[in-house]
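Here the structure comes first, spelled out in structure tokens, and everything after it is commentary.
No experiment lies behind these values; they were computed from the predicted model shown.
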Amino acid sequence: MSRVPGWLGRLGAGLTEMSERWNERRAEAERERDEPESRTSSDEYVPPPPDYAPDVPARPDPALAVPWGVRVAAEAGWRLLVLAGTLWVLTRIISAVQLVVLAFVSALLITAILQPTVARLRRLGVPRGPATALTAILGFVVMGLMGWFVTWQVMENIDDLSGQIQDGIDELRNWLLNSPFHVTDKQINEIAKNLREAVGANTDQITSAGLEGVTVVVEALTGILLAVFSTLFLLYDGKRIWEWTLKLVPAAARPGVAGAGPAAWRTLTAYVRGTVIVALIDAIFIGLGIYFLDVPMAVPLAVFIFLFAFIPLVGAVVSGALAVVVALVTQGVFTAVMTLVVVLAVQQIEGHILQPFILGRAVRVHPLAVVLSVACGGMVAGIGGAVVAVPLVAVTNTVAGYLRAYSRQSALRHSVRPRGATAMGPVEQPGPSEAPPE
């Protein structure tokens, strides 16, 4: 009997110990449940470091360790790289389909000249089809007659011009022998000999260039046909083509683009009309000047001056130099100097009076932008690229200005609101149909 109480005591002590361990485990589970962010279910519990462990400073975020200027430069740099890559791909695509692009852009320029005539005939009651056909036939006939007239004049005067050029060369040679430049007959003969040797050494290249000229003629005819068909469709159905193009624009940007299109077309029309008027004035006055100076083929030279005027800056220099060279080799130094005076006088009047007065504020392009755009257009697509470079820059400038003004107006329209219940009335805001200032 003496052993029973001892056994019961040990059993009670064991149960007490098990109860205490159970309570500790329960408390530990509750602490883990109350602090789930301290560790995840898959991680092992990491005890805190001992007191004697050294303190290790926390490392900052790498993005915050980079200086602000470097971060801004990096952000701008990769965006510029994306933009440059996009422009490079676009340039490659344009170079691959250069003929189609130049034909379509030429059709746009011709349409800008002929479209007012179609609109005027439509106002007079002529149906769209006959008005388009009549205007296109009249325009293409005029351009064809100009080309035929230049060719006819050159063919008619080529024999006389050859003799005059030979006489002019002899006169120029005599002038150089008697000039203060101390040019000797031996030096002149050496120059002529070098020219003959250069022509003889490059006979193969000249022949291959002539063969390539056949390909150029075929491509030119193809481009002319594409430009003619594109002009016809743009004159007849230009509005619906523009409306279809707007469907390709995202809906959020469509209102701004819909307003920028007419503004760009007005700029293009103003540029083409102004250029035609200025080129016509240049051709008339320079043609009259060289006609009274007895320079051969004055009329064809005037037509060349008119055509080259569509290439800004470079065209005027080339056409003027051509007139001066023809005057030099046919009429002598004095006539060449007088021709140069006439060309410079007309071009100065054009640059300082005619262009600002005729073009006005419709086409606002800085002269540096003109030079750079002509150079880039010539490098990408030759003469055709130089012709379309400036109108492209002018249209792009107009579109960018319109979209910027439209964005400011939209932000103002959404930010201005009546304040408070005591407001006298709604704030007057521009309607969605109002165009932003140009």
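- Note: Phe304 and Phe308 have tilted aromatic rings, judged against thresholds of 30 and 60 degrees for the angle between ring planes.
- Arg120 CZ to Thr117 OG1: the interatomic distance, rounded to the nearest 0.5 Å, is 5.5 Å.
- Rounded to the nearest 0.5 Å, atoms OG1 (Thr269) and CG (Leu108) are 10.0 Å apart.
- The number of heavy atoms from other shown groups lying within 6.0 Å of CZ (Arg92) does not exceed 12.
- Here the straight-line distance linking atom CG of Leu83 with atom CG of Leu87 works out to 4.5 Å at 0.5 Å rounding.
- Between Tyr406 and Pro255, the shortest heavy-atom contact is OH-CB, 3.2 Å.
- Nearest heavy atoms, Tyr236 versus Arg128: O-CD, 3.0 Å.
- Side-chain N or O atoms of Thr135 include one that pairs as donor or acceptor with a backbone N or O of Ala131 at under 3.5 Å.
- In terms of heavy-atom proximity, Gly256 sits nearest to Tyr402 at O-CE2, 3.6 Å.
- Partner of Trp244 under the side chain to side chain contact (heavy atoms under 4.5 Å, CB included) criterion, chosen from Leu246, Leu248, Ile241: Leu248.
- Of the options Val343, Val324, Leu293, Ile290, a side chain to side chain contact (heavy atoms under 4.5 Å, CB included) to Met338 is made by Leu293 and by none of the others.
- Of all the heavy atoms in Ala336 and Ala327, the pair that sits closest is CA-CB, 3.9 Å.
- Distance CG/Leu268 to OG1/Thr398: 9.5 Å, rounded to 0.5 Å.
- Side chain of Arg273 to backbone of Ile113: no donor-acceptor contact under 3.5 angstrom is found.
- Salt bridge absent: Glu75 and Arg71 never bring a charged side-chain N and a carboxylate O closer than 4.0 Å.
- One finds the OG1 atom of Thr231 at 4.5 Å from the CD1 atom of Ile110 (value rounded to the nearest 0.5 Å).
- Atom OG1 of Thr339 is separated from atom CG of Leu344 by 10.5 Å, given to the nearest 0.5 angstrom.
- For the pair Phe104/Leu226, no side-chain contact is recorded, criterion being any heavy-atom separation below 4.5 Å from C-beta on.
- Atom CZ of Phe285 has 12 or fewer heavy atoms from other residues, nucleotides or ligands within 6.0 Å.
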Yes or no on side chain to side chain contact (heavy atoms under 4.5 Å, CB included) for Leu134 and Val126, after CA distance, side-chain angles and deciding distance? CA-CA 10 Å; Leu134 183 61; Val126 181; over 6 Å; no
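- Residues Ala298 and Gly287 come closest through the heavy atom pair CB-O, 4.1 Å.
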Quick one: do Leu280 and Phe306 satisfy side chain to side chain contact (heavy atoms under 4.5 Å, CB included)? Show the steps, please. CA-CA 6 Å; Leu280 189 61; Phe306 173 79; 4.2 Å; yes
Test side chain to side chain contact (heavy atoms under 4.5 Å, CB included) on Asp294 and Thr335 and set out the steps. CA-CA 9 Å; Asp294 291 330; Thr335 305; over 6 Å; no
Determine, stepwise, if the pair Tyr291 / Val295 fulfils side chain to side chain contact (heavy atoms under 4.5 Å, CB included). CA-CA 6 Å; Tyr291 175 78; Val295 177; over 6 Å; no
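- Across Ala136 and Leu114, no two heavy atoms sit closer than the pair CA-CD1, 4.5 Å.
- Using a 4.5 Å heavy-atom threshold, the side chains of Phe140 and Leu145 count as separate.
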